[in-house]
Amino acid sequence: MKEILVLGAGYAGLKTVRALQKESGDFHITLVDRNPYHYEATELHEVAAGSQPKEKISFPIQEVVNSNRVTFIQDQVFSVNRIEQTVSLKTKGLLHYDYLVVALGFTSETSGIKGAMENALQMVDIETAEAIHQHIIQQMAAYRATKDERHLRLLICGAGFTGIELAGAFVDERKRYADLAGVSPRQIEIVCVEAATSILPMFDDDLRNYALNLIDSLGIRLMTGCMIKEIAPGQVLYATEQTGEELQAIEASTIVWTTGVSGSPVMAESGFDQRRGRVVIQHDLRDPDYDNVYIVGDVSAFMDPDSNRPYPTTAQIATQMGKHVATNLLHQLKGEALEPFVYHSQGTVASVGNTHALGLAFNKKVKGYPASVIKKAIMNKSLLDMGGLKELMAHGRFDLYH
Ligand SMILES: Cc1cc2nc3c(=O)[nH]c(=O)nc-3n(C[C@H](O)[C@H](O)[C@H](O)COP(=O)(O)OP(=O)(O)OC[C@H]3O[C@@H](n4cnc5c(N)ncnc54)[C@H](O)[C@@H]3O)c2cc1C
């Protein structure tokens, strides 16, 4: 009996297991994750804003894996030894594998910016997202006591996809924050500080202008062309083209870091040939150095043959990779040739709060309310992939008529 070990029950890892567990064969699957639940990382901003409880975006892993085929172990992965074919866990020691799937996902990337880790809130998992919401509640209470307006400013570092989605979720909750602080909603200031001079580079001018107008109409203050140099306690220091090296400062009691992500630190600690926690993988999704190791999702870099650059790491590509790994593992177990992975992008839709969105879906531009319905349909499809009908019915987004 061959042992298949899957590390990480995110989009890539859980999809691998769910596809494999349906197949017969002389293999057993072990799945390891540090949490007992799977969470939809694409919805973390809603937990951070407090518009959804964590239960809405997560479900127990045990509910969706077949215990006759899969052993689930809740533990922290420390490192992988590809020569010995073992994985070291924090509490349960060593696990042996014949085939390994590494799907340990993303963590925050601070690019060496001083103070970014210590003085900004990160949003990388359920705990950190919940901590952001708790922090905001505390700041609103602090304003009541001190009347210091810095408590009312929510500052997001980065106006990328994640930063914009978080800002939109903050807008949805602005009235609640204001009530907690005893002020009017317009006194809750939502700010995005961004180094680039424009936003959302993956979209054309039409969609970008739509996004800019929407952001403006929602009262989000967008500070583009501001290169963050340091995060001091309660303060973001930045340079602009006009002011050069002379740093400017903006103060806020809530500072959230969303400027980028890298792959799991386990990759570097385990000696993978990685950059920022990502390994450039082969066309069949395997480690270039070890034929029995697959690397998928945010810990991988898969080259786009058109641009000759890696595809952006997304839940969409992670899920497709998970499915493909299952196919290739079955081939490998039978001694058959492996199939190259081909990514089929279904587009990118960014939500800006619960009722606005914009982007590209199936090669068509979508904006406003229809885009928000499409975004919810995409999320529901992903939930169906990860958890099946039961989790879709329990956690799906069916508030389509708003
Ligand atoms: C706010 C936000 C919005 C996003 N929106 C979109 C979107 O609209 N569309 C899209 O396609 N993508 C989106 N993304 C990106 C997407 O979430 C990631 O690309 C995706 O989560 C990657 O999937 P993954 O399976 O590789 O890793 P993850 O989803 O990060 O899962 C990794 C799993 O590994 C576990 N794990 C990690 N380290 C360890 C360890 N050492 N030991 C044990 N277990 C461990 C974690 O608990 C987790 O379950 C968004 C991301 C964010 C943060």
Side-chain angles (χ1 to χ4, degrees), residues 5-17 31-49 57-59 61 72-80 87-92 95 101-109 122-129 132 156 158 160-169 202 256-267 269-270 277-278 295-302 311-322 325 343 345-351 357 359 361 374-376 378-379 381-382 385-386:
L5 177 56
V6 180
L7 308 180
Y11 294 92
L14 191 55
K15 184 67 196 175
T16 304
V17 170
L31 172 63
V32 182
D33 199 287
R34 59 184 163 208
N35 299 311
Y37 52 79
H38 164 87
Y39 59 93
E40 295 175 87
T42 57
E43 312 312 318
L44 285 174
H45 56 287
E46 298 193 351
V47 173
I57 71 153
S58 62
F59 52 80
I61 292 166
F72 172 63
I73 299 177
Q74 187 194 339
D75 208 339
Q76 170 98 12
V77 174
F78 266 168
S79 62
V80 175
V87 168
S88 150
L89 302 183
K90 185 178 177 189
T91 56
K92 300 201 175 80
L95 295 178
V101 180
V102 189
L104 290 168
F106 68 91
T107 188
S108 213
E109 169 69 59
Q122 313 297 319
M123 186 177 65
V124 291
D125 53 25
I126 293 261
E127 284 78 26
T128 50
I132 293 172
I156 301 167
F161 199 92
T162 302
I164 299 286
E165 288 205 321
L166 180 62
M202 67 291 262
V256 186
W257 187 257
T258 71
T259 61
V261 291
S262 53
S264 164
V266 169
M267 307 312 280
E269 278 149 28
S270 305
R278 296 195 180 111
I295 304 172
V296 281
D298 277 23
V299 286
S300 69
F302 188 80
Y311 284 108
T313 50
T314 62
Q316 199 184 140
I317 195 169
T319 308
Q320 288 182 32
M321 284 175 159
V325 165
Y343 174 49
S345 171
Q346 284 146 12
T348 309
V349 182
S351 63
I374 289 169
K375 176 81 180 180
K376 285 178 191 183
I378 293 170
M379 278 147 44
K381 162 77 176 63
S382 167
D385 260 339
M386 291 301 135

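This structure is a prediction, so every number in the text was calculated from the model and none was measured. As the structure lists them, so they are numbered: ligands from 1, and atoms in each ligand from 1. Atoms considered below: every heavy atom in the structure, side chains included; atoms not considered: hydrogens, waters and symmetry mates.
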request  = Find the distance between OG (S351) and NZ (K376) and round it off to the nearest 0.5 Å.
outcome  = 9.0 Å

task = Classify the side-chain pair Y11/T42 by whether it contains a donor and acceptor separated by less than 3.5 Å.
result = yes

key: Salt-bridge criterion met for K375 and E165 (N-O under 4.0 Å)   = yes

request  = Quick one: list whatever passes salt bridge (charged side-chain N to carboxylate O under 4.0 Å, His left out) with K92, sequence neighbours left out.
outcome  = none

note = The protein residues that pass the under-4.0 Å heavy-atom test against ligand 1 are G8, A9, G10, Y11, A12, D33, R34, N35, Y39, A41, T42, H45, D75, Q76, V77, A103, L104, G105, F106, M123, F161, T162, E165, V266, G297, D298, T313, T314, A315, Q316, A318, K375

message = Going by the rule ring-ring contact (aromatic ring centres under 6.0 Å, His included), which residues pair with F59 if we only count those two or more places apart in sequence or in a different chain?
response = H38

key: With D125 via salt bridge (charged side-chain N to carboxylate O under 4.0 Å, His left out) - residues at least two apart   = none

